[in-house]
Amino acid sequence: QLQLVESGGGLVQPGGSLRLSCVGSGFSLVHYSIAWFRQAPGKEREGVSCLTASGRESNYIDSVKGRFTVSKDNAKNTAHLQMNSLKPEDTAVYYCAADLDPPDPATIREADFGFWGQGTQVTVSA
């Protein structure tokens, strides 16, 4: 059974950090791009970051550039999203997704990713 399982969410104060993890099972992430999406209450899900299968290209939406870093540890079949300098507007359910390299990694589209995790809640609040 192919699965992605996220962890690492929680409650953090503004300016704090969290590291999300996404573990793959049933398939190897070596050959897959990883993307992170988020959905805030009352809003549509948006693509946050994408890392190509080779790890050579990473992309971010403007609102998280310089604060978030996506990475992949193939030996552990795990991807991470390091989130620093968190803001209240980062509050959302975060999802990891995987698939073969999308045609345009700079455009982080849900339709390009077929494997999804269940999501993990991130709340940034004082």
Side-chain angles (χ1 to χ4, degrees):
Q1 185 179 3
L2 307 181
Q3 263 191 315
L4 293 171
V5 178
E6 301 102 331
S7 62
L11 173 64
V12 63
Q13 292 186 342
S17 298
L18 281 175
R19 187 191 194 208
L20 304 184
S21 297
C22 173
V23 180
S25 63
F27 67 111
S28 172
L29 295 181
V30 169
H31 306 295
Y32 289 81
S33 281
I34 290 290
W36 289 90
F37 293 81
R38 67 185 180 186
Q39 187 166 22
K43 295 187 177 181
E44 292 187 355
R45 190 154 56 183
E46 65 174 348
V48 174
S49 177
C50 179
L51 178 69
T52 56
S54 68
R56 286 194 287 264
E57 180 179 350
S58 60
N59 293 284
Y60 304 88
I61 55 172
D62 287 345
S63 61
V64 307
K65 283 180 181 177
R67 300 189 297 122
F68 289 14
T69 303
V70 60
S71 62
K72 190 162 62 131
D73 184 340
N74 290 328
K76 295 182 179 180
N77 216 35
T78 301
H80 298 286
L81 184 67
Q82 178 67 43
M83 306 186 295
N84 299 328
S85 302
L86 283 161
K87 305 175 181 180
E89 51 264 43
D90 294 318
T91 295
V93 177
Y94 283 72
Y95 300 87
C96 67
D99 215 314
L100 300 178
D101 281 347
D104 180 11
T107 303
I108 309 165
R109 302 190 315 153
E110 289 188 50
D112 289 332
F113 294 89
F115 301 105
W116 289 78
Q118 82 289 351
T120 185
Q121 176 70 46
V122 171
T123 303
V124 185
S125 175

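I108 and F68 sit in two unconnected hydrophobic clusters of ILVMFWY residues. Membership requires side-chain heavy atoms under 4.5 Å apart, directly or through other members. Under the 4.5 Å side-chain contact rule for hydrophobic residues, Y94 and W116 do not share a cluster. In terms of hydrophobic clustering, with Ile, Leu, Val, Met, Phe, Trp and Tyr side chains grouped at heavy-atom distances under 4.5 Å, I34 and F27 are assigned to a common cluster. Hydrophobic clustering of Ile, Leu, Val, Met, Phe, Trp and Tyr side chains at less than 4.5 Å, counting indirect connections, keeps V30 apart from L100.
By the 30° and 60° cut-offs, the orientation of the rings of F113 relative to F37 is perpendicular.
With sequence neighbours excluded, no residue forms a salt bridge (Lys or Arg N to Asp or Glu O under 4.0 Å) with E57. With sequence neighbours excluded, the residues that form a salt bridge (Lys or Arg N to Asp or Glu O under 4.0 Å) with R67 are D90. For N77, there are no side chain to side chain donor-acceptor pair (under 3.5 Å) partners two or more places apart in sequence or in a different chain.
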Give the C-alpha distance, both sets of side-chain angles, the deciding distance and a yes or no for side-chain contact (heavy atoms from CB on, under 4.5 Å) between T78 and K72.
CA-CA 6 Å; T78 301; K72 190 162 62 131; over 6 Å; no
The test is side-chain contact (heavy atoms from CB on, under 4.5 Å); show your working for L86 and L18 and say whether it passes.
CA-CA 8 Å; L86 283 161; L18 281 175; 4.2 Å; yes
The test is side-chain contact (heavy atoms from CB on, under 4.5 Å); show your working for V93 and T120 and say whether it passes.
CA-CA 5 Å; V93 177; T120 185; 6.0 Å; no
Start with the C-alpha gap between D104 and R109, add the side-chain angles, then the distance that decides, and say whether side-chain contact (heavy atoms from CB on, under 4.5 Å) holds.
CA-CA 9 Å; D104 180 11; R109 302 190 315 153; over 6 Å; no
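Here the OG-CD distance, from S25 to Q3, works out to 4.5 Å after rounding to the nearest 0.5 Å. If you take CD on E89 and NZ on K43, they are separated by 8.5 Å, rounding to the nearest 0.5 Å. Here the straight-line distance linking atom SG of C50 with atom CD1 of I61 works out to 12.5 Å at 0.5 Å rounding. In this structure, Y32 OH and N74 CG are separated by 12.5 Å, a value rounded to the nearest 0.5 Å. Distance CG/L81 to CD/E6: 11.0 Å, rounded to 0.5 Å.
The minimum heavy-atom distance between V70 and S49, with the atom names listed, is CG1-OG, 3.1 Å. Residues L51 and S58 come closest through the heavy atom pair CD1-CB, 3.9 Å. Of all heavy-atom pairs spanning Q118 and V5, the tightest one is OE1-CA, 3.7 Å. Of all heavy-atom pairs spanning C22 and L29, the tightest one is O-CD1, 4.3 Å. In plain terms, the two heavy atoms of P103 and D112 that are nearest each other are CD-OD1, 4.0 Å.
A donor-acceptor contact under 3.5 angstrom links the side chains of S33 and D101, judged on distance only. With 3.5 Å as the limit, one finds no donor-acceptor pair spanning the side chains of S71 and H80. Counting only N and O atoms by type, the side chains of N84 and S17 include a donor and acceptor under 3.5 Å apart.
With a 6.0 Å cutoff to the six-membered ring centre and a 45° limit on the axis angle, R19 does not count as a cation-pi contact of W36. With a 6.0 Å cutoff to the six-membered ring centre and a 45° limit on the axis angle, R38 does not count as a cation-pi contact of Y95.
In the displayed structure, E44 atom CD is contacted under 6.0 Å by at most 12 heavy atoms of other residues, nucleotides or ligands.
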